Each structure stands twice: as C-alpha cells, then as structure tokens.
Number of protein chains: 2
Amino acid sequence: MATLGELERTVMDLLWDSPDALTANDLRDRLAQAEGEAGKELAVTTVLTVLARLEKKHLVTRERSNRPHRYRAVMSREEHTVDLMNEALGTVLDREAVLTRFIGGISADEAQALRRILNDAQSA
Amino acid sequence: MATLGELERTVMDLLWDSPDALTANDLRDRLAQAEGEAGKELAVTTVLTVLARLEKKHLVTRERSNRPHRYRAVMSREEHTVDLMNEALGTVLDREAVLTRFIGGISADEAQALRRILNDAQSA
DNA sequence: CTGTGTTTTCTACACGTCGTAGAACACAAA
DNA sequence: TTTGTGTTCTACGACGTGTAGAAAACACAG
C-alpha cells in the first residue's frame, strides 16, 4: 500500500532479480555488491528487520521450515507495478482522461504494443 | 515526488474541485464541511502549513500580490495521476509486461476507450 | 546433555515527514 | 497608532525507515 524506502526497494529489486528465494545473508552480500566499491556492509540484522517489514506489508514471504529462512517476493515486479498504477488511478473520477494523457506520454513503440495487446484481448 | 499525507491529499482534492484559487480560510471552511457533522474545525495555521508544504512540493502555487493569498493547484488531478503512474512505471525494465497486465485489469469499456484513443493518436 | 557458532527476534535510536497549532510578525484600515 | 486579519516561525507528537546491538532460539560437535 505504502511507498517503499530506499533500502526496502533495493531488497525487493534483489528478490525480484533472483530466480530463487534468498536468505538474509545472501541479501547482505548482494547489497554490498550492488553498492559498488563504496559498499557499506550492512549488518545482517538490518536486512532481517527490513525483510520483516516487507513481510508485514505482504510483499515478501519466507519459508520458516529450514533454518536459514529463505525469502521470496510475493508477486512479480510487474504485478506490483500494476498495483501501484491502479493505486494512483484509484480515486480519480475521470479515468479516461487520465488514460488519455498517460498514453500521450508513451513512446510510439509502446503505443503500437498497446494496440496489439488490446486487439488480442478483444479477439480472445 | 512523494506520497501525500491524508490532509495534504484532501486539500489537493479541494483545490482540484474548485474552478478558482482559494484562500486558506476558504479551505478551512471546506475542510470542516467535507468532514461531515463530525467536522473538527482545523486551525487556519494548520491549513497554511500544509499549503506551504504542498508549495514546496511544487503541487500548488499562490498569488502573493493581494493580501489573502490565493492558492491553486499547479497541475490538474489527471496530470498528477499520470505523473504518479509514470513514477510507478519508472525503473521497470519490461514496461510492456506491465502494460499488458495493467490492461488486463481494466474494464471492457475502458479498453474500448483506449482503442479509440490509440487510433486517434495514430491518425493524428 | 552441554557448549559453541549461526540465525532470528526484541528493543532502540536517529532522522524525516505529516498533522496540528500557538507565538510572533506583517500589514492595512480606522 | 491601535486593532483585526493574514502569514511566517517554531514546535511537538506520531509514525515510517535505516540502522544495529542484545538477547533468545537452534542445531550440531563432543
């Protein structure tokens, strides 16, 4: 529902980019890596705290069965993005006006892709 | 850029719903009205603080010429919504996947409207 | 069963944002 | 110049987020 913080967002990105579930230590390592040379080496507890918060927000789940718990994103990055878009759209009365403007801002290629998608949906 | 708070959002809604610029007092009154019978009668300074913050966020401007400053939204509700949607879309690599899912979630009527909009844009 | 290393949970703090508003200041009209 | 009205300054509590130490839970080697 709410906007993610910087670190929360980075963790989500790492989870989304990973094909399989990760442990807190995996994430700590990848965070250090991702931050380039200036890596700050976060404490594992920091990562765990963030993961707990993301879990509370229903963005990640974990497998508690085996000891190093493994965390995974609940939904795909794309699904989450769509949720955000719909949230933005949420209470607006004139949705069509918004969509019109939105489409006005996308590239020709994307507009073309949209037409195809819409036609596929129609014929389906 | 950031998400608005409850009161900030309500103030923006009032500004968007008003054809002309409003003073802090106008807004205080409308806020009391909008809150129904349980209206809490906010202090004017509260409204002014919120307006100053919204101004800092470039969401409202004011006319300082005449004494009761008059505040107006910088962009329309629709434009702002589009900004939010693009912000959500922002860093996603596979934009098309997002758009596909997004379209999958809208109503048939809206899909129809989208086709029309896209075709208009194409022939223009 | 007991120590020892690993992982997780609890608790905490600093900092930023937001709702809220009093105190102090600016200004125009009487 | 007083007085009322509007604006800015300053502030505080609540909440979210980055950050992590202390403590508890576990699993495995003796």
Side-chain angles (χ1 to χ4, degrees), chain A residues 1-15 21-36 38-72 80 84 87, chain B residues 1-15 20-36 38-73 80 84 87:
Chain A
M1 273 86 156
T3 307
L4 298 179
E6 180 96 14
L7 180 55
E8 290 176 331
R9 174 71 201 193
T10 308
V11 167
M12 286 309 299
D13 278 333
L14 288 173
L15 290 176
L22 300 176
T23 68
N25 273 308
D26 292 340
L27 285 165
R28 179 184 41 62
D29 294 346
R30 302 194 184 195
L31 283 167
Q33 222 61 40
E35 284 306 313
K40 288 188 48 184
E41 278 294 322
L42 292 177
V44 189
T45 51
T46 300
V47 179
L48 282 163
T49 301
V50 168
L51 285 168
R53 287 174 182 165
L54 289 172
E55 193 182 30
K56 185 172 302 177
K57 293 179 187 177
H58 306 290
L59 288 177
V60 309
T61 37
R62 73 175 100 181
E63 298 171 20
R64 292 188 133 96
S65 37
N66 299 347
R67 208 22 161 81
H69 295 179
R70 305 194 89 84
Y71 298 77
R72 76 177 68 260
H80 179 246
L84 288 184
E87 194 180 314
Chain B
M1 277 82 155
T3 308
L4 299 179
E6 180 98 14
L7 181 54
E8 290 175 330
R9 174 72 202 192
T10 309
V11 167
M12 286 310 298
D13 278 334
L14 287 173
L15 289 177
D20 29 42
L22 299 177
T23 68
N25 272 309
D26 291 342
L27 286 165
R28 178 185 39 60
D29 295 345
R30 300 193 186 196
L31 284 167
Q33 224 60 41
E35 284 306 311
K40 288 189 46 186
E41 278 294 322
L42 290 178
V44 188
T45 52
T46 299
V47 178
L48 282 163
T49 301
V50 168
L51 284 169
R53 287 173 183 167
L54 289 172
E55 193 183 28
K56 185 172 301 179
K57 292 179 188 176
H58 306 290
L59 288 176
V60 308
T61 36
R62 71 174 104 181
E63 299 172 17
R64 292 188 133 97
S65 39
N66 299 348
R67 211 21 160 88
H69 296 178
R70 305 194 88 83
Y71 298 78
R72 78 176 67 258
H80 179 246
L84 289 183
E87 195 180 312

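These numbers come from a predicted model, not from an experiment. Letters A, B, ... mirror the listed sequences (proteins, then strands); counts begin at 1.
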Compare all side-chain heavy atoms of [X] with those of [Y] and state whether any distance is below 4.5 angstrom.
X: A/R53; Y: A/E8; result: yes
X: A/L14; Y: A/Y71; result: no
X: B/V60; Y: B/M12; result: yes
X: B/L7; Y: B/L42; result: yes
X: B/D26; Y: B/T23; result: yes
X: B/K57; Y: B/L4; result: yes

Check your understanding: How large an angle, rounded to 10°, do the end axes of the helix from C/dC1-D/dG30 to C/dA30-D/dT1 enclose when each is built from five base pairs?
Key ->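 Here the local axes at opposite ends form an angle of 10°.
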Separation of atom [atom1] in [X] from atom [atom2] in [N], rounded to whole Å:
X: B/L31; N: C/dG19; atom1: CG; atom2: C1'; value: 12 Å
X: B/E41; N: C/dT20; atom1: CD; atom2: C1'; value: 14 Å
X: A/K56; N: C/dC10; atom1: NZ; atom2: C1'; value: 12 Å
X: B/L54; N: C/dT17; atom1: CG; atom2: P; value: 14 Å
X: A/H69; N: C/dT7; atom1: NE2; atom2: C1'; value: 8 Å
X: A/L27; N: C/dT7; atom1: CG; atom2: P; value: 13 Å
X: B/R28; N: C/dG19; atom1: CZ; atom2: C1'; value: 17 Å
X: A/D29; N: C/dT6; atom1: CG; atom2: P; value: 14 Å

Answer with base, sugar-phosphate or nothing: what part of the nucleic acid does [X] contact at a heavy-atom distance below 4.0 Å?
X: A/R9; value: nothing
X: B/R64; value: sugar-phosphate
X: A/T23; value: nothing
X: B/L7; value: sugar-phosphate

Point to revise | DNA chain D: 5'-proximal contact among A/L42 and A/L4 (nearest heavy atom) | key: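 Its nearest nucleotide lies further toward 5', so the answer is A/L4.
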Review point. When B/V47 is tested against each of B/T45, B/L51, B/V50 for side chain to side chain contact (heavy atoms under 4.5 Å, CB included), which residue passes?
Key: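 Single side chain to side chain contact (heavy atoms under 4.5 Å, CB included) partner of B/V47 among B/T45, B/L51, B/V50: B/L51.
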Can you identify which nucleotide, out of [options], has its nearest atom closest to the [X] side chain?
X: B/A43; options: C/dT7, C/dC18, C/dA21; value: C/dA21
X: A/R53; options: C/dT20, C/dT8, C/dA12; value: C/dA12
X: B/T45; options: C/dT8, C/dG19, C/dA23; value: C/dA23

Review point. Does a donor on one side chain sit under 3.5 Å from an acceptor on the other, for B/T10 and B/D13?
Key: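 Checked: B/T10/B/D13 side chains show no N/O donor-acceptor pair below 3.5 Å.
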Point to revise | salt bridge (charged side-chain N to carboxylate O under 4.0 Å, His left out) between B/R72 and B/E55, worked out | key: CA-CA 10 Å; B/R72 78 176 67 258; B/E55 193 183 28; over 6 Å; no
Review point. Just to confirm, is there a sub-4.0 Å distance from OP1 or OP2 of C/dA21 to any side-chain nitrogen or oxygen of B/T46?
Key: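 Answer is yes, contact under 4.0 Å.
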Check your understanding: Which is the 5'-most and which the 3'-most nucleotide of DNA chain D that has an atom under 4.0 Å from a heavy atom of chain B?
Key -> D/dG6 to D/dA11
Check your understanding: Which value, rounded to the nearest 0.5 Å, describes the distance between A/T3 atom OG1 and A/L84 atom CG?
Key ->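 So the gap between those two atoms works out to 7.5 Å.
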